[in-house]
Amino acid sequence: MAAVRLTVAALTVAAAGCGGDEPAAPPPRESGVVRLVVDGDTLHLEDGRRVRLVQIDAPEEDSECYGREATRVLAEIAGRGARVELEPDEALDDRDDFGRLLRYVRAGELNVNLALVERGAAAPYFFRNERGRYADDLLAAAREARTARRGFWRACPGARLEPPLGSRTGRR
């Protein structure tokens, strides 16, 4: 009887994936087609889904330095008609307070969230100081873009890198 209990316990542990030897499965991705670029960090898809690019913040289009340019950069990378993949981050919220999906967006092999930070069109944004799977990459890209004075790091003298607060570029 003890051998049966031990076997059941071993099978339960193995089924739960507690062995530690196997890598975690990547989160499932969804796809869609961009209908509208709302601003530098928000897309609407043809099927009605609204997507907020997670872990980044772009300047507001109508009120912050480089806001219009940030929207233009996103439209160049993943504009109307672009097929995109949406990647959730299990360490972060699934949706924001406005019901938008919080996702990393990929256009082909390009991580759009990271590309926007690399180009100085967005900054890392760690809501509630929560860090997702690409947090270190986003921070490194922002520091490099700031050093190279790309995007708003050149155009906005008051720009600051403050991940808990998002983009800080100053007023228009």
Answer whether the closest heavy-atom distance between the side chains of [X] and [Y] falls below 4.5 Å.
X	Y	result
E87	R106	yes
Y125	P163	no
V84	L45	yes
R35	E46	yes
F126	L139	yes
R119	I77	yes
V117	P124	yes
L43	L53	yes

Between the side chains of R50 and T42, does any donor sit under 3.5 Å from an acceptor? no

Those residues at least two apart in sequence (or on a different chain) that pass ring pair (Phe, Tyr, Trp, His ring centres under 6.0 Å) with Y134 are Y104

Where do [X] and [Y] come nearest, in terms of heavy atoms and distance?
X	Y	result
G120	Y66	O-CE2, 3.7 Å
P59	A121	CD-O, 3.4 Å
A155	P157	O-CD, 3.5 Å
G132	L92	CA-CD1, 3.9 Å
A159	F152	CB-CD1, 3.8 Å
V112	A107	CG2-N, 3.8 Å

Quick one: does T169's side chain have a donor or acceptor within less than 3.5 Å of a partner on C65's backbone? yes

Separation between [atom1] of [X] and [atom2] of [Y], rounded to the nearest 0.5 Å:
X	Y	atom1	atom2	result
R143	W153	CZ	CH2	10.5 Å
T71	E60	OG1	CD	8.5 Å
I56	L116	CD1	CG	4.5 Å
Q55	L102	CD	CG	9.5 Å
D137	E118	CG	CD	9.0 Å

Kindly indicate, with the supporting measurements, whether the criterion side-chain contact (heavy atoms from CB on, under 4.5 Å) is fulfilled by L161 and R146. CA-CA 9 Å; L161 180 57; R146 182 177 59 183; 3.7 Å; yes

D94, D89, N113 screened by side-chain hydrogen bond (donor to acceptor under 3.5 Å, both in side chains) with R103, the one that passes: D94

Transitive ILVMFWY side-chain link L165 to L138, under 4.5 Å: no

Kindly work out whether a path of hydrophobic side-chain contacts (I/L/V/M/F/W/Y, heavy atoms less than 4.5 Å apart) joins L110 to L86. yes

side-chain contact (heavy atoms from CB on, under 4.5 Å) between D136 and R131: does it pass, once the steps are laid out? CA-CA 8 Å; D136 291 340; R131 295 169 55 99; 2.3 Å; yes

Can you tell whether the side chains of E90 and R133 come within less than 4.0 Å, N to carboxylate O? no

Electrostatic pair D62:R68 at N-O distance under 4.0 angstrom: no

Pair listing, side-chain hydrogen bond (donor to acceptor under 3.5 Å, both in side chains) test, anchored in residues 72-82, at least two apart: R72-E76

Could you check L101 against R95 for side-chain contact (heavy atoms from CB on, under 4.5 Å), going step by step and ending with a plain yes or no? CA-CA 5 Å; L101 296 170; R95 293 180 183 265; 3.5 Å; yes

When R52 is tested against each of D93, D96, D97, D57 for salt bridge (charged side-chain N to carboxylate O under 4.0 Å, His left out), which residue passes? D57

